[in-house]
Amino acid sequence: MPIYLVRWPDLSASFVQAEGEAHLLDVLDQVGNPDDCEWSIYDGPLFIDFRLPVEWSVQEDRHRTPVAPEQVVLEDVGRLASGNVVEAIELSLAGADDGYETGAEVLRLAFPKLHALIERCSETGGEFDGEAALPEAELQQALHAELERFLRGSWRRAKLEKKSDAISTLAREMDLSIELARTYEEIARKQQSVGGDVETLRQDKPSTNPPLFRISNHHTQDCGQPPAIDGDGEGKYVGYFANRYGEQAVFVYDYETREASVWMGETGWGKAYRVVGGRTEGILLTESEATWIRACWLAAAKAD
């Protein structure tokens, strides 16, 4: 999969791996509205360091003498012990040449106004070397120019507030990009139509009829016991998903509590992931999984 360099409307950028631009929109939407972002496929140097925030040392270290386990001393591990280890990981550009070149290329692609100022101030007047001092007044001007995306986004959101069509309303209420809102509105409309037909059949026909849909668990015992969900239960919307590899998932929305959860066999049936605003918390999804969950959410929550 390609790696995209994404420039957010503020002074930040991200590396994101996605199957394509449609998948990229779904991934970005987990963090924020991607309407004001710009991106391009990144094929430059990439060398980034990851470090656990733990200080450690070796006591009585002797030259050319193997270090014994008892000589290794760990200092404060509070950041790891008290919270999310993944969020505590520290990222930085590698100290090698490729690490420096990674930063330079990100600067060139994501922050072109600032990069242009650096080049103008470079002593060599040629390629970016990062060693020239930057005049503060010009630096302020370049940073203001970099925030043009933020200003354009402010105008876009103000215009969106004045629109009352279905797509704009959905985009505003769920903080979606217009493209995603249009896609999910179409999917939800189809699912609502199917859901309404199913509800009519439930009311009109006795429960002694054979099941409309039945499927077994395709995952191994290592994935745990799948959830026992009754699709005929009142007050709930139920959705089912399976990809081409046979990995299964079940979505449930409770109309009484207005809460939604999804169970996924590939991550272990025992854990239910909370779905809020069509976004799943605590798990990274593929394009097809994210689209399915968003469609289920819109079909259920919007009709609620």
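Residues take their numbers from the sequence shown, with the count starting at 1.
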Should V276 and W263 be regarded as members of a common hydrophobic cluster, given that ILVMFWY residues are connected when their side-chain heavy atoms come within less than 4.5 Å of each other, either directly or indirectly? no
Roughly how far, to the nearest 0.5 Å, is CD1 of I41 from CG of L5? 11.5 Å
Between Y253 and F251, is the ring centre distance below 6.0 Å? no
S154: partners by side chain to side chain donor-acceptor pair (under 3.5 Å), with sequence neighbours left out: none
Atom CE in M264, atom SG in C223: separation rounded to 0.5 Å? 11.5 Å
Check whether more than 12 heavy atoms from other residues, nucleotides or ligands sit under 6.0 Å from atom CD of E90, and answer yes or no. yes
Is a salt bridge present between E38 and R152, judged by a nitrogen-to-oxygen distance below 4.0 Å? yes
Hey, is D36 close enough to R157 for a salt bridge, meaning N to O under 4.0 Å? yes
Show the nearest heavy-atom pair for residues H219 and W269, with the distance to one decimal. CD2-CZ2, 3.7 Å
Got R108 and E119 here, is their nearest side-chain heavy-atom distance under 4.5 Å? no
Side chain to side chain donor-acceptor pair (under 3.5 Å) with E146: which of K113, Q141, R7? R7
Is there a side-chain contact between L139 and L114 in this structure, where contact means two heavy atoms from C-beta onward sitting under 4.5 Å apart? yes
hydrophobic_cluster_shared for L284 and V262, side chain cutoff 4.5 Å: no
For the residue pair V16 and I3, establish whether any side-chain heavy-atom pair is separated by less than 4.5 Å. no
Looking only at heavy atoms, which two atoms of Q71 and P66 are closest? And how far apart? OE1-O, 3.9 Å
May I ask you to check whether over 12 heavy atoms, not counting those of D97, lie within 6.0 Å of atom CG? no
Between R182 and E179, does at least one N-O distance fall below 4.0 Å, as a salt bridge requires? no
Yes or no on side-chain contact (heavy atoms from CB on, under 4.5 Å) for E21 and W39, after CA distance, side-chain angles and deciding distance? CA-CA 9 Å; E21 292 198 353; W39 57 78; 3.3 Å; yes
Connected via hydrophobic side-chain network under 4.5 Å: L52 and V72: yes
Just one of S12, C37, P34 clears the side chain to side chain contact (heavy atoms under 4.5 Å, CB included) bar with V6, so which one? C37
For P45, does its backbone N or O pair with a side-chain atom of T102 as donor and acceptor, under 3.5 Å? yes
Check for me, please, whether V73 and L80 land in the same ILVMFWY cluster - side-chain distances under 4.5 Å, paths through other members count. no
Under 6.0 Å between ring centres, would you say that holds for F15 and Y42? yes
Using every non-hydrogen atom in the two residues, find where L147 and P9 come nearest and quote the distance to one decimal. CD2-O, 4.0 Å
Do S92 and D49 touch side chain to side chain, with heavy atoms closer than 4.5 Å? yes
Kindly determine whether L28 and L24 satisfy side-chain contact (heavy atoms from CB on, under 4.5 Å), including the steps that lead there. CA-CA 6 Å; L28 296 179; L24 177 66; 3.9 Å; yes
Reported CZ-to-CD distance for the pair R79 and E87, which is rounded to 0.5 angstrom: 10.5 Å
Looking at every non-hydrogen atom in both residues, tell me the closest pair between G239 and C296 and how far apart they are. CA-SG, 4.2 Å
Flag the pair D29 / R279 as yes when at least one side-chain heavy-atom distance between them is below 4.5 Å, and no otherwise. yes
Partners passing ring-ring contact (aromatic ring centres under 6.0 Å, His included) against F241 (at least two apart in sequence or in another chain): W292
Applying the 4.5 Å side-chain criterion to the ILVMFWY set and letting contacts propagate, would L107 and L117 be lumped into a single cluster? yes
Contact between T280 and R274 at the side-chain level, heavy atoms closer than 4.5 Å - yes or no? no
Using modelled atom types and a 3.5 Å cut-off, is there a donor and acceptor pairing between side-chain atoms of E289 and backbone atoms of T286? yes
With heavy-atom distances below 4.5 Å as the criterion, would you say the side chains of C121 and I118 are in contact? no
Distance check, rounded to the nearest 0.5 Å: I167 atom CD1 versus L160 atom CG? 11.0 Å
Mind checking the OG1-CG spacing from T291 to L25? Nearest 0.5 Å is all I need. 10.0 Å
Enter the distance from Q30:CD to L285:CG here, rounded to the nearest 0.5 Å. 6.0 Å
Which pair of heavy atoms, one from E256 and one from D254, lies closest together, and at what distance? N-OD1, 2.8 Å
Would you say OH of Y273 has more than 12 non-hydrogen atoms from neighbouring residues, nucleotides or ligands within 6.0 angstrom? yes
Run Y4 and Q17 through side-chain hydrogen bond (donor to acceptor under 3.5 Å, both in side chains) and show every step you take. CA-CA 6 Å; Y4 291 86; Q17 190 174 45; over 6 Å; no
Heavy-atom count around H144 NE2 within 6.0 Å, excluding the residue itself: above 12? no
With side-chain contact (heavy atoms from CB on, under 4.5 Å) as the criterion, how do H115 and E105 come out once you've worked through the C-alpha distance, each side chain's angles and the decisive distance to 0.1 Å? CA-CA 10 Å; H115 180 267; E105 186 67 0; over 6 Å; no
Check this for me, if you would: do D26 and R294 make a salt bridge, where the nitrogen-to-carboxylate-oxygen distance has to be below 4.0 angstrom? no
Please determine whether side-chain contact (heavy atoms from CB on, under 4.5 Å) holds for the pair I48 and L46, giving the CA-CA distance in whole Å, both sets of side-chain angles, and the decisive distance to 0.1 Å. CA-CA 6 Å; I48 298 175; L46 185 59; 3.8 Å; yes
Heavy atoms only: give me the nearest D35-I178 pair and the separation to one decimal. OD2-N, 3.2 Å
Side chains of residues 53-65: which donor-acceptor pairs under 3.5 Å do they make with residues two or more places apart or in other chains?
| from | atom 1 | to | atom 2 | distance (Å) |
| --- | --- | --- | --- | --- |
| E55 | OE2 | R51 | NH2 | 2.9 |
| T65 | OG1 | H63 | O | 3.4 |

